[in-house]
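Below is one structure; the comments refer to it alone.
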Amino acid sequence: MFTVNKALLWAKNYLKKCGLENTALEAEVLLAFCIKLDRVALYRQNERFLSPEEEENFRRMIKRRGQREPVAYLTGHKEFMSLDFLVNPAVLIPRPETELLVEKALEIINAKVFKVGQTQKDKILIVDVGTGSGAIAVSIAKHIKNLSGVYIYATEISPAALDVARLNAKRHGVAGNITFWPGDLLEPLKNQGCEGQISLITANLPYIPTLEIDRLEPDVRLYEPRLALDGGKDGLDFYRRLISQGGEFLRPDGYLLMEIDPAVINQISWLLIAAGWKFNVFFDLAGKERLIAAVQEV
Ligand SMILES: C[S@@+](CC[C@H](N)C(=O)[O-])C[C@H]1O[C@@H](n2cnc3c(N)ncnc32)[C@H](O)[C@@H]1O
């Protein structure tokens, strides 16, 4: 029978043999999940015996991880912006670099760049395009200084992903602040009185060139939804369309915030310049061009 210590040792060795790197952390996260303890408690209870069901469940999970199934899909949870998000294989697992986009969005909104007044025209309307798990939209709603007068819309092409986003909004108590729209990019908002009204569009859309998907880590290419990864031949299919659609929906002082693949910074820059946008580029913690904040030239 496994004690906590022995289970961790076995799991670390097993995962190492499978070629994985963060074996200690992953073994701890999965064991804590299987025996319903937090990770710190594992150290306090390191001689605790696992029940036969717990041991069987843990062995099964470690074997699935050995086949590269992501830890977040195994546990069904991923932390993003200090919030616990539900995830399943219908949604991209939120990435730490996307927190940069949320922080910039909050900076723009919290700085009261936009006036909130009594009229429809002065309300703050934010749209998260391709919301996936809802990580961006929900985090903005949770962390914004003042939600009154702020309306958040989130669009998504995958109905299964929208279900997850709705659950996350409910889980974090912001379901009443976010309206979810099934459909393609900004199309669902056409004829909804949104044209020229949006203060901020956030977008982390699929941006991997189709032929590069097969070269991605197995954790990503075998398990994460292709719909969330495939950005077409050069990875820019969605950004090309969003850049041309966005101007029609944004207020003249509205921002388009886009997470990008650093490899396409030049191509994206030319697309924006050609469509008449001014923009700033922001770098992620690895020093790579990861975020663009664009406004329309007046
Ligand atoms: C890279 S994932 C990002 C998900 C989420 N925004 C995040 O940052 O974690 C891109 C998302 O866009 C969605 N998507 C793909 N094509 C779309 C389209 N034409 N219109 C709206 N959403 C789309 C995918 O289903 C996926 O959920």
Side-chain angles (χ1 to χ4, degrees), residues 70 72-73 77-106 126-143 152-169 172 178-190 194 200-210 212-213 216-217 219-221 223-233 235-246 249 256-264 268 284 290-292:
Y73 289 153
H77 295 262
K78 177 71 186 175
E79 192 189 308
F80 179 81
M81 291 297 293
S82 307
L83 299 170
D84 179 47
F85 280 87
L86 300 176
V87 292
N88 69 23
V91 299
L92 186 97
I93 299 164
R95 302 295 202 266
E97 54 267 32
T98 305
E99 294 190 352
L100 180 65
L101 184 151
V102 175
E103 280 156 12
K104 187 54 67 184
L106 291 169
I126 301 170
V127 182
D128 181 35
V129 183
T131 200
S133 63
I136 296 172
V138 170
S139 300
I140 291 176
K142 279 300 280 185
H143 292 299
I152 302 176
Y153 291 168
T155 74
E156 170 59 57
I157 199 92
S158 152
L162 263 190
D163 287 344
V164 177
R166 285 195 183 97
L167 283 177
N168 279 319
H172 291 295
I178 305 177
T179 310
F180 293 98
W181 302 81
D184 178 33
L185 301 183
L186 293 164
E187 285 295 322
L189 304 183
K190 282 201 169 147
C194 293
L200 175 65
I201 296 175
T202 57
N204 177 22
L205 289 164
Y207 57 58
I208 313 283
T210 307
E212 280 179 28
I213 291 180
L216 296 174
E217 287 290 308
D219 309 41
V220 180
R221 90 179 124 79
Y223 293 97
E224 296 204 78
R226 204 175 171 100
L227 201 54
L229 302 172
D230 192 344
K233 196 168 176 217
L236 289 170
D237 280 8
F238 294 97
Y239 286 105
R240 223 173 253 115
R241 288 204 287 132
L242 184 65
I243 286 167
S244 87
Q245 261 186 1
F249 284 89
L256 173 61
L257 273 187
M258 301 181 290
E259 179 171 320
I260 59 154
D261 175 357
V264 297
I268 277 236
D284 62 19
R290 185 63 67 186
L291 178 67
I292 286 188

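Counting convention: from 1, in listed order, for ligands and their atoms alike. All residue numbers in this chain count up from 1 along the given sequence.
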Any idea which of [options] brings a heavy atom closest to [atom]?
atom                    : options          : result
atom 26 (C) of ligand 1 : E99, E156, R95   : E156
atom 9 (O) of ligand 1  : P94, A90, G183   : P94
atom 3 (C) of ligand 1  : T202, N204, V102 : N204

In terms of heavy-atom contacts, A90 and S158 come closest through O-OG, 4.4 Å
Using the six-membered ring wherever Trp is involved, compare the ring planes of F85 and H172 and label them parallel, tilted or perpendicular (cut-offs 30° and 60°).
-> tilted
With atoms numbered from 1 as shown, which atoms in ligand 1 lie under 4.0 angstrom from a non-hydrogen atom of [X]?
X    : result
G132 : 4 (C), 27 (O)
T98  : 8 (O)
A228 : 1 (C), 2 (S), 10 (C), 24 (C), 26 (C)

Considering only the protein, which heavy-atom contact is closest to [atom], and what is its distance?
atom                    : result
atom 5 (C) of ligand 1  : T131 O, 3.4 Å
atom 14 (N) of ligand 1 : I157 CG2, 3.7 Å
atom 20 (N) of ligand 1 : L185 N, 2.8 Å
atom 15 (C) of ligand 1 : L227 O, 3.3 Å

May I ask whether A161 has any heavy atom positioned less than 4.0 angstrom from an atom of ligand 1?
-> no
Taking the side chain as C-beta and beyond, is there a heavy-atom pair between [X] and [Y] under 4.5 Å?
X    : Y    : result
L189 : Y153 : yes
I140 : V102 : yes
I268 : L236 : yes

Ligand 1 contact on F238 by region, counting heavy-atom pairs under 4.0 Å = side chain
Judging by distance only, is a nitrogen or oxygen of [X] under 3.5 angstrom from one on ligand 1?
X    : answer
I136 : no
D184 : yes
G130 : yes

Examine distances only and state if a side-chain atom of Y239 and a backbone atom of E259 form a donor-acceptor pair shorter than 3.5 Å.
-> yes
Output for pair (L106 CG, M81 CE), nearest 0.5 Å, gives 5.5 Å
So salt bridge (charged side-chain N to carboxylate O under 4.0 Å, His left out) across residues 80-96, not counting sequence neighbours, yields D84-R171, R95-E224
Pick from V138, T202, L162, V91: which one makes a side-chain contact (heavy atoms from CB on, under 4.5 Å) with T131?
-> L162
Using ring-ring contact (aromatic ring centres under 6.0 Å, His included) as the criterion, list what pairs up with Y73, not counting sequence neighbours.
-> none
